[in-house]
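Just below is one structure, and these are the notes that go with it.
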Amino acid sequence: MAADQKATVVSAGSEQAIRVGKTVISRPFGVELVDRLAVVGSYPVKGAQLHLIRGTSAGDCPARYAVIVARPGQAPQVGQSFGTCSTAAQPRLRRGEFTVAMPASPAGGPLVQFHYANGRMHPRQATLTQGAGITGTATTPTPAVCRPAHSIDAAAQAAAIDGFERDWPKAYRRTGSLKKITFSQGQMRRLTTDLACMASWPAGDRRVAELATPLFRSKQHRAAAFAALESVQRDPDADANLKAVTRSFSAEMRYRVALDPVI
């Protein structure tokens, strides 16, 4: 790393600041006051150096995060703060993509992921069930649990649902394009489990069901999708809440399919 791109914590009067090269950045979180600053790590991405900064403080939000972008010959830029207030951030750089995952709240919960693009961190879909996830590739069913809505704050729910809508593959949005897609038994169970879990949250009630409707209307996948939900309800290792949400989601999807039956 070039010297003019290195980030360190320095003193700036009675407060801490971040120095990147020769530039001192006071209050990187702006009006969001923090007690202490830390450089979590630095990551090379597309001609720039990203510095993940954590600000910790007492109160309801123990930790905030921001990314400082340093490019050769340019003044470092501070992105908007992000995070769930959890202190347990998990940064990762893989194949040029920088992501940060953390529990949905300071007390824990499913992972919420943020990814870097266009100078800032964007929320991405949460890992909604333990051992599941719509991008999972397991070929065999895995027992899982679903976090009830009351255990996840509204902001984390909204971030997860927004990420779901953004990242839901285009091929899953039409029954015609779904004809070209194949799912293993394990993938279908993971997929429908996550859908059922998200649909049980107030933030995802209608939005999730609407996007899931083509899958359940598809002649190719309809039977397997409903069978996957039923397999969870019969699974002795599945927790009670997961069984309840899959039962409710199955009823909702049967109602939607009946209103607009497969032709």
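Just so it is clear, the structure is predicted and the values come from calculations on it, not from any experiment. Both backbone and side-chain heavy atoms feed into the values below; hydrogens, waters and symmetry mates do not. Just so you know, residue 1 is the first one in the sequence shown, and it goes up from there.
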Could you walk me through whether Val257 and Arg222 pass side-chain contact (heavy atoms from CB on, under 4.5 Å), step by step?
CA-CA 9 Å; Val257 170; Arg222 178 185 179 188; 3.5 Å; yes
Under 4.5 Å between any side-chain heavy atoms of Leu50 and Tyr116, yes or no?
yes
Pairwise side-chain contact, Pro91 with Val40, heavy-atom cut-off 4.5 Å (strictly under):
yes
Is there a side-chain contact between Val208 and Ile161 in this structure, where contact means two heavy atoms from C-beta onward sitting under 4.5 Å apart?
yes
State which residues pass salt bridge (Lys or Arg N to Asp or Glu O under 4.0 Å) with Arg254; sequence neighbours excluded, sorted by chain then number.
Glu230
Which residues pass the ring-ring contact (aromatic ring centres under 6.0 Å, His included) test with Phe249, not counting sequence neighbours?
Phe216
Take the angle between the ring planes of Phe183 and His221 and call it parallel below 30°, perpendicular above 60°, tilted in between.
perpendicular
For residues 28-66, which residue pairs qualify under disulfide (SG to SG under 2.5 Å), counting only residues two or more places apart or in two chains?
Cys61-Cys85
So, using side-chain hydrogen bond (donor to acceptor under 3.5 Å, both in side chains) as the criterion, who are the partners of Ser81 when residues are at least two apart?
Glu32
Is there a donor-acceptor pair under 3.5 Å between the side chain of Gln233 and the backbone N or O of Leu229?
yes
Hphob cluster co-occupancy, Met253 + Ile181, side-chain heavy atoms under 4.5 angstrom:
yes
Nearest heavy-atom approach of Gln77 to Ala75 is NE2-O, 3.4 Å
With rounding to the nearest 0.5 Å, note down the distance linking CG in Leu242 to OG1 in Thr193.
5.5 Å
Value for CD (Gln49) from OH (Tyr43), rounded to nearest 0.5 Å, stands at 10.5 Å
Could you tell me if the side chain of Leu211 sits less than 4.5 Å from the side chain of Glu165, heavy atoms only?
yes
d(Lys179 NZ, Lys219 NZ) to nearest 0.5 Å is 7.5 Å
So, does Gln113 use its side chain to make a donor-acceptor pair with the main chain of Thr99 at under 3.5 Å?
no
Who pairs with Arg27 by side-chain hydrogen bond (donor to acceptor under 3.5 Å, both in side chains), at least two apart in sequence or on another chain?
Glu15
Measure the CZ-OG distance between Arg190 and Ser184 for me, rounded to the nearest 0.5 Å.
8.5 Å
Separation between CZ (Arg64) and CG (Leu37), nearest 0.5 Å, reads 11.5 Å
For residues Met121 and Tyr65, determine if any side-chain heavy atom of one lies less than 4.5 Å from a side-chain heavy atom of the other.
no
If you define the side chain from C-beta out and look only at heavy atoms, does anything of Val9 sit under 4.5 Å from Val39?
yes
Would you indicate whether the side-chain heavy atoms of Leu195 and Leu215 approach each other to under 4.5 Å?
yes
Hydrophobic clusters join Ile, Leu, Val, Met, Phe, Trp and Tyr when side-chain heavy atoms are under 4.5 Å apart, directly or via other members; which others share one with Leu33?
none
Closest non-hydrogen contact found for Trp168 with Arg173 is O-NH2, 2.9 Å
Side-chain touch Pro214/Thr175, heavy atoms, less than 4.5 angstrom
yes
